[in-house]
Amino acid sequence: MLKQNGSDSTESERKIVITRVFNAPRELVFKAWTEPQHIAQWWGPKGFTTRVTELDLRLGGRWRYVMISPDGTEYPAKGVFREIVPPERIVTTDEFDEGFEQVINAELPQGIVMTAIFEDVDGKTKLTLEIVHKSASDRRKHEEMGVVAGWNSSFDCLDEFLAKQVEQQHNGFTLTLPSDREIIITRVFNAPRRLLFEAWTQPEHVKRWFGGCSSMTMTVCEIDLRVGGSWRYVLHDSSNGTDHGFSGEYREIVPSERLVSTERYEPVPNSDRLNTLTLTEEDGKTTLHIHIQHQSREQRDGHLQSGMEVGLRQTLNRLEELLQSMSSFSGN
């Protein structure tokens, strides 16, 4: 939706305003706008993907995103944060980065200031995006480039992403970043923790849920469930013929309650991290809590940007389906 603000004719000639109401709480929309693992899943018009190469969410901090079109063309943009009021408001500069002009073969407007305003409306979120240019001619140039259609398409993608997030919240899935080297995931399952521990540690069960997307098939599942014992999984991706190996060593085992192990993604050197699984049961339901400790912020960010959250959600959904069948079979 494009508006003009007639109260300030000078600014109205330089400004584009786009609004959208999302059926999601404001805190969730703000997180989708500010956390790299979420941004990568919706930013950009439909059919595009986005790579977050820098995001320092503080006053004076920088961001840089690269949108990638379906044909592989890259469109980089960057900016500096001028104001951050969680979960209400973000003000940032918005510049087309080096290489963008060559891609579209045109001179681009620069010096743009972008303000995102998040308003709570009875549990929904009204997002107002204000894009202010240096001049009216820059605004018109930006419009001719399709900025309004591009943002509306991006907001369609955001709407779809938020709908999935809200759905996942119903089963208690959360992903938080308590420090620059940690990831914490929680998920609630409608099953006793005894069954969940069995599904997590017995090869005949793991083969049925680990891996997420339908193109992945587990070809190796080795589990030596003892302190000092090792584990190894290999997933074969039929979509491109590649194998993905994961392996590690068990450090601590408390049956049905706690499991601590190392994990490495075999194709990537020095990718070792420490995983702690904790299971708590209440009224027949089990909360799974996974704490992932990385060696560095760069390693954690690389893990997030690999698409791990989407893959993990899909994987845990498959685990939920398995637990339902195990519960029915066992009579629990």
Side-chain angles (χ1 to χ4, degrees), residues 37 164-178 182-214 216-235 244-265 273-294 303 307-332:
Q37 72 273 19
K164 293 177 183 177
Q165 293 288 308
V166 170
E167 180 182 355
Q168 289 290 344
Q169 283 190 345
H170 292 161
N171 57 35
F173 184 100
T174 63
L175 186 151
T176 58
L177 308 175
E182 297 172 281
I183 301 174
I184 291 179
I185 299 110
T186 62
R187 166 76 188 256
V188 178
F189 293 91
N190 189 24
R193 66 180 179 178
R194 172 186 59 82
L195 284 186
L196 205 157
F197 191 82
E198 288 179 12
W200 199 275
T201 57
Q202 296 183 9
E204 64 269 27
H205 296 318
V206 174
K207 291 176 181 178
R208 296 173 60 187
W209 64 267
F210 190 89
C213 65
S214 59
M216 292 286 190
T217 303
M218 179 171 279
T219 56
V220 176
C221 182
E222 300 170 348
I223 296 176
D224 182 9
L225 191 63
R226 60 182 177 84
V227 175
S230 63
W231 64 272
R232 184 169 186 262
Y233 306 155
V234 176
L235 296 173
H244 302 272
F246 304 84
S247 57
E249 178 182 294
Y250 294 108
R251 297 279 182 85
E252 182 182 345
I253 302 170
V254 182
S256 298
E257 296 182 14
R258 180 178 168 89
L259 190 65
V260 181
S261 66
T262 60
E263 179 184 0
R264 72 184 61 88
Y265 178 48
R273 48 187 176 259
L274 185 68
N275 297 341
T276 300
L277 170 75
T278 306
L279 304 176
T280 56
E281 183 177 340
E282 183 176 356
D283 297 329
K285 295 186 177 183
T286 300
T287 299
L288 176 147
H289 182 279
I290 304 172
H291 178 272
I292 306 173
Q293 180 73 43
H294 296 82
H303 194 193
M308 64 83 68
E309 182 177 359
V310 174
L312 185 59
R313 286 179 184 273
Q314 294 173 339
T315 295
L316 295 183
N317 286 340
R318 290 179 60 174
L319 176 57
E320 176 74 62
E321 294 173 0
L322 173 63
L323 289 169
Q324 289 174 0
S325 66
M326 291 174 67
S327 295
S328 299
F329 183 77
S330 65
N332 291 321

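Please read these numbers as outputs of a predicted model, since none were measured by experiment.
The CD1 atom of Ile185 sits 8.5 Å away from atom CD of Glu309, with the distance rounded to the nearest 0.5 Å. Note that the OG1 atom of Thr174 and the CZ atom of Arg187 stand 11.0 Å from one another [nearest 0.5 Å]. Rounding to the nearest 0.5 angstrom, the gap separating the CG atom in Leu279 from the CG atom in Leu195 is 11.5 Å. Note that CD1 of Ile253 is 9.0 Å distant from CZ of Arg226, once rounded to the nearest 0.5 Å. Between atom OH of residue Tyr250 and atom OG of residue Ser230 there is a gap of 8.5 Å, rounded to the nearest 0.5 Å. If you take CE on Met308 and CG on Leu175, they are separated by 6.0 Å, rounding to the nearest 0.5 Å.
Leu322 is listed as a side-chain neighbour of Ser325, based on a closest heavy-atom distance under 4.5 Å. Between Arg251 and Leu274 the shortest side-chain heavy-atom distance falls below 4.5 Å. Annotation: side chain of Trp200 is not in contact with side chain of Leu225 (no heavy-atom distance under 4.5 Å).
For His291, the side-chain hydrogen bond (donor to acceptor under 3.5 Å, both in side chains) criterion is met by Glu182, not counting sequence neighbours. Taking the side chain to side chain contact (heavy atoms under 4.5 Å, CB included) definition, one finds that Asn275 meets it with Ser261, Glu263, Arg273, Ile292, sequence neighbours left out. For the side chain to side chain contact (heavy atoms under 4.5 Å, CB included) test, residues two or more places apart in sequence or in another chain that qualify with Glu257 are Arg193, Val254. Residues satisfying the side-chain hydrogen bond (donor to acceptor under 3.5 Å, both in side chains) criterion with Thr201, sequence neighbours excluded, are absent altogether. Under the salt bridge (Lys or Arg N to Asp or Glu O under 4.0 Å) criterion, Glu281 pairs with no residue at all, not counting sequence neighbours. In terms of the side chain to side chain contact (heavy atoms under 4.5 Å, CB included) criterion, residue partners of Val234 (sequence neighbours excluded) are, by chain and number, Thr219, Val220, Arg232, Asp243. Residues that satisfy the ring-ring contact (aromatic ring centres under 6.0 Å, His included) test with His303, not counting sequence neighbours, are His294. Scanning for side-chain hydrogen bond (donor to acceptor under 3.5 Å, both in side chains) contacts around Glu249 gives an empty result, with sequence neighbours left out. Evaluation of the ring-ring contact (aromatic ring centres under 6.0 Å, His included) rule for Tyr233 yields Phe210, Trp231 as partners, not counting sequence neighbours. Here Arg208 pairs with nothing under the side-chain hydrogen bond (donor to acceptor under 3.5 Å, both in side chains) rule; sequence neighbours left out.
Looking at every heavy atom in both residues, Leu319 comes nearest to Ala199 through CD1-CB, 3.7 Å. A pairwise comparison of heavy atoms in Ile184 and His289 identifies CG2-NE2, 3.4 Å as the closest pair. Summarising the geometry of Phe189 relative to Leu323, their closest heavy-atom pair is CD2-CD1, 3.6 Å, with the distance given to 0.1 Å.
Judged purely by atom type and a 3.5 angstrom limit, Thr286 uses its side chain to pair as donor or acceptor with the backbone of Ala191.
Residue pairs satisfying the salt bridge (Lys or Arg N to Asp or Glu O under 4.0 Å) criterion with at least one member in residues 196-205, sequence neighbours excluded, are listed as follows: Arg194-Glu198.
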Kindly determine whether Ile183 and Leu177 satisfy side-chain contact (heavy atoms from CB on, under 4.5 Å), including the steps that lead there. CA-CA 5 Å; Ile183 301 174; Leu177 308 175; 3.9 Å; yes

